[in-house]
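Following: one structure in structure tokens, then a few remarks.
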Amino acid sequence: LVLGPLLRYVSETEATIWVETDRACQVEVLGRQARTFEMAGHHYALVLIEGLPPGTEHGYQVALDGTVRWPEPGSPFPPSTIRTLDPGRPLRLSFGSCRIAELRGPARGRERARHEQEHGVDALGACAAGLPQTPRERWPDVMFLIGDQVYADKPGPVTRRLIAERRDPARPPRYEVADFEEYCALYREAWSEPAVRWLFSVIPTAMIFDDHDVRDDWNTSAVWRRQMADKPWWRERIRSALASYWVYQHLGNLPAEELAADPDYREVLAAEGDTWPLLAALADRADAETDGTKEVRFSFRWDLGATRFVMIDSRNGRILDGGAHLM
């Protein structure tokens, strides 16, 4: 189990668990199973759990090919649970954005002090650390991560080391993320800290990108797009950014009914072998849409009892031609 479990979409009767694994396998949660799909040598699965009673709590484990891989042995955190929404209970919502997450090595104390002096304390990590001592009724029902889950233009030390091992960082794009493999490393660095990983396993999370998930000032203007398109490394960067966003963030935003109707997801599940060509084509389509047609739609909504939450893609879907600046 490389990353996850991430508890993503949750309603009154259903829940979605997202995982990344190190090889093809069958993933099982609460008796429901899903086969992984491959993307550029990486393996992912969404386990859809339906038919749960409203307002109920369910402890769960994650098994890969029949072997329990979550929780990890000796985990200091409470058991991972799914709590379905209760239409009669008031909602508690948490939200945040712009998280610079860096895994630190042996010099953890000094590195942590430097990081916190520069960026402040990691609020997501602080939430995770305080949650086990918080009464369950005061836990958030949903977390909204509203942009910049990762900083592709300013990776942390673990991703920077990978970049230096793979290519010459003296040449553009230097220490910025260049391709899908480096994006995968970026998400691992952001989501592997043990307390945060546990937090993601117990609180439903909705996500949307902002500019730093791709690059600072992404799609600010038509001039910006033309300038970036002229850079020889940009095509692979934007393709990898949108493809990785689709698999790491977007899929988990969708309820089972919408996933079943999504032609790209159906095509990926039906494919034999590596699905990277399909996702690269999807990313190219998404990046090319500048007229508002939105064949590839990243906006979504969650119905939370009597409350409807609408998450708008205000970055990728911009209309910029002819001097326009429309979302």
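We number each residue from 1, following the sequence as shown.
Pro263 has its side chain within reach of Arg266: a pair of non-hydrogen atoms, C-beta onward, lies under 4.5 Å apart. When side chains are defined from C-beta on, Val268 does not count as touching Met39, because their heavy atoms never get closer than 4.5 Å. Two residues are said to be in side-chain contact when any heavy atoms from C-beta on lie closer than 4.5 Å; Arg239 and Leu282 fail this criterion. Contact of the Trp191 side chain with the Leu6 side chain is registered, since non-hydrogen atoms from C-beta on lie closer than 4.5 Å. The shortest distance between side-chain heavy atoms of Val27 and Val62 falls below 4.5 Å. Looking at Ile82 and Ile17, their side chains come closer than 4.5 Å, going by heavy atoms from C-beta outward. Put simply, the side chain of Met143 reaches to within 4.5 Å of the side chain of Phe200, judged on heavy atoms. Contact of the Leu242 side chain with the Asn316 side chain is registered, since non-hydrogen atoms from C-beta on lie closer than 4.5 Å.
For the pair Ser244 (side chain) and Ser240 (backbone), a donor-acceptor distance under 3.5 Å is present. With hydrogens and angles ignored, the 3.5 Å screen pairs a side-chain donor or acceptor of Arg167 with a backbone N or O of Arg174. Judged by distance alone, with hydrogens and angles left aside, the side-chain atoms of Arg308 form no donor-acceptor pair with the main-chain N or O of Trp302 at under 3.5 Å. Checked by atom type and distance alone, the side chain of Asp262 pairs as donor or acceptor with a backbone atom of Tyr265 at under 3.5 Å. Between the side chain of Ser299 and the backbone N or O of Asp313, at least one donor-acceptor pair lies under 3.5 Å. In this structure, Thr13 contributes its side chain and Ser11 its backbone to no donor-acceptor pair below 3.5 Å. With Glu14 contributing its side chain and Gly51 its backbone, the two residues share no donor-acceptor pair below 3.5 Å. Looking only at distances, a side-chain donor or acceptor of Glu193 sits under 3.5 Å from a matching main-chain atom of Val196. Between the side chain of Arg83 and the backbone N or O of Glu57, no donor-acceptor pair lies under 3.5 Å.
With hydrophobic clusters built from ILVMFWY side chains whose heavy atoms lie under 4.5 angstrom apart, Leu186 does not share a cluster with Tyr151. A single hydrophobic cluster is not seen to contain both Ile100 and Met207; linkage of ILVMFWY side chains at heavy-atom distances under 4.5 Å, directly or through other members, places them apart. Connection of Tyr183 to Leu278 is established within a shared hydrophobic cluster, with ILVMFWY side chains joined at heavy-atom distances below 4.5 Å, either directly or through further cluster members. Cluster annotation: Tyr60 is not connected to Val68 through the hydrophobic network of ILVMFWY side chains, with a link wherever side-chain heavy atoms come within less than 4.5 Å. Transitive grouping of hydrophobic side chains (ILVMFWY, heavy atoms separated by less than 4.5 Å) keeps Ile238 and Ile163 in distinct clusters.
Gln149 and His212 share no donor-acceptor pair across their side chains, judged by distance under 3.5 Å alone. Side-chain contact annotation: His43 with Glu20, donor-acceptor N/O pair under 3.5 Å absent. Judged by distance alone, the side chains of Thr134 and Trp139 never bring a donor and an acceptor atom under 3.5 Å apart. Gln249 and Asp213 form a side-chain donor-acceptor contact under 3.5 Å, judged by distance and modelled atom types alone.
In terms of heavy-atom proximity, Val150 sits nearest to Ala190 at CG1-CB, 3.9 Å. Here the closest non-hydrogen pair linking Ser97 and Ile146 is CB-CG1, 3.7 Å. Across all their heavy atoms, Leu30 and Ile49 have their closest contact at CD1-CD1, 4.2 Å. In plain terms, the two heavy atoms of Cys25 and Arg35 that are nearest each other are C-NH1, 3.4 Å. Considering all non-hydrogen atoms of both residues, Thr84 and Pro53 come closest at OG1-O, 2.7 Å. Between Ser314 and Arg318 the shortest heavy-atom distance is O-NE, 2.7 Å.
Going from atom CZ of Phe298 over to atom CG of Asn253 covers 10.5 Å, rounded to the nearest 0.5 Å. Taking OG1 from Thr16 and OH from Tyr9, the interatomic distance works out to 8.0 Å, rounded to the nearest 0.5 Å. Separating the CE atom in Met228 from the CG atom in Asn219 is a distance of 10.5 Å, to the nearest 0.5 Å. Taken from CG in Leu199 to OG1 in Thr205, the straight-line distance is 6.5 Å, to the nearest 0.5 Å. To the nearest 0.5 Å, the span separating OG1 on Thr67 from CG on Leu1 amounts to 12.0 Å. The line from CG of Leu162 to OH of Tyr175 is 11.0 Å long, rounded to the nearest 0.5 Å.
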Starting from the C-alpha separation in whole Å, work towards a yes-or-no answer on side-chain contact (heavy atoms from CB on, under 4.5 Å) for His58 and Thr81.
CA-CA 5 Å; His58 308 267; Thr81 58; over 6 Å; no

Can Lys231 and Glu236 be said to form a salt bridge (charged side-chain N to carboxylate O under 4.0 Å, His left out), step by step?
CA-CA 10 Å; Lys231 299 183 185 297; Glu236 189 61 26; over 6 Å; no

Before you tell me yes or no, could you show the steps for Ser80 and Trp198 under side-chain hydrogen bond (donor to acceptor under 3.5 Å, both in side chains), namely the whole-Å CA-CA distance, both residues' side-chain angles and the distance that decides it to 0.1 Å?
CA-CA 7 Å; Ser80 294; Trp198 171 79; 4.5 Å; no

Pair Glu181-Arg166, side-chain contact (heavy atoms from CB on, under 4.5 Å): steps then yes or no
CA-CA 10 Å; Glu181 188 65 33; Arg166 300 181 73 235; 3.7 Å; yes

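You'll find the ring centres of Phe209 and Trp218 inside the 6.0 Å limit. For Tyr248 and Trp18, the gap between ring centers is short of 6.0 Å.
Salt bridge present: Asp122 and Arg99 bring a charged side-chain N and a carboxylate O closer than 4.0 Å. Looking at Glu182 and Arg237, no side-chain N of the basic residue comes within less than 4.0 Å of a carboxylate O on the acidic one, giving no salt bridge. The pair Glu50-Arg32 does not count as a salt bridge, with every side-chain nitrogen at least 4.0 angstrom from each carboxylate oxygen. Ion pairing of Arg215 with Asp153 is absent here, as no side-chain N (NZ or NE/NH1/NH2) approaches a carboxylate O to less than 4.0 Å. We find that Arg160 and Glu189 are not joined by a salt bridge, their nearest charged nitrogen and carboxylate oxygen being 4.0 Å or further apart. Arg235 and Asp287 are joined by a salt bridge, as a carboxylate oxygen and a charged side-chain nitrogen come within less than 4.0 angstrom of each other.
Heavy-atom neighbours of Arg171 CZ from other residues, nucleotides or ligands within 6.0 Å: at or below the threshold of 12. For CD of Gln26, the number of neighbouring non-hydrogen atoms (other residues, nucleotides, ligands) closer than 6.0 Å is greater than 12.
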Residues 85-95, side-chain donor-acceptor partners within the protein, below 3.5 Å, at least two apart:
from	atom 1	to	atom 2	distance (Å)
Asp86	OD1	Gly88	N	2.9
Arg89	NH2	Asp141	OD1	2.7
Arg92	NE	Arg138	O	3.1

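Classified by interplanar angle (parallel below 30°, tilted 30° to 60°, perpendicular above 60°), the ring pair His42/Tyr44 is parallel.
Sorted pairs that involve residues 267-280 and meet side chain to side chain donor-acceptor pair (under 3.5 Å), not counting sequence neighbours, are lacking altogether.
With Arg315 as reference, Asp210 is the one residue of Asp217, Asp216, Asp148, Asp210 to meet the salt bridge (Lys or Arg N to Asp or Glu O under 4.0 Å) rule.
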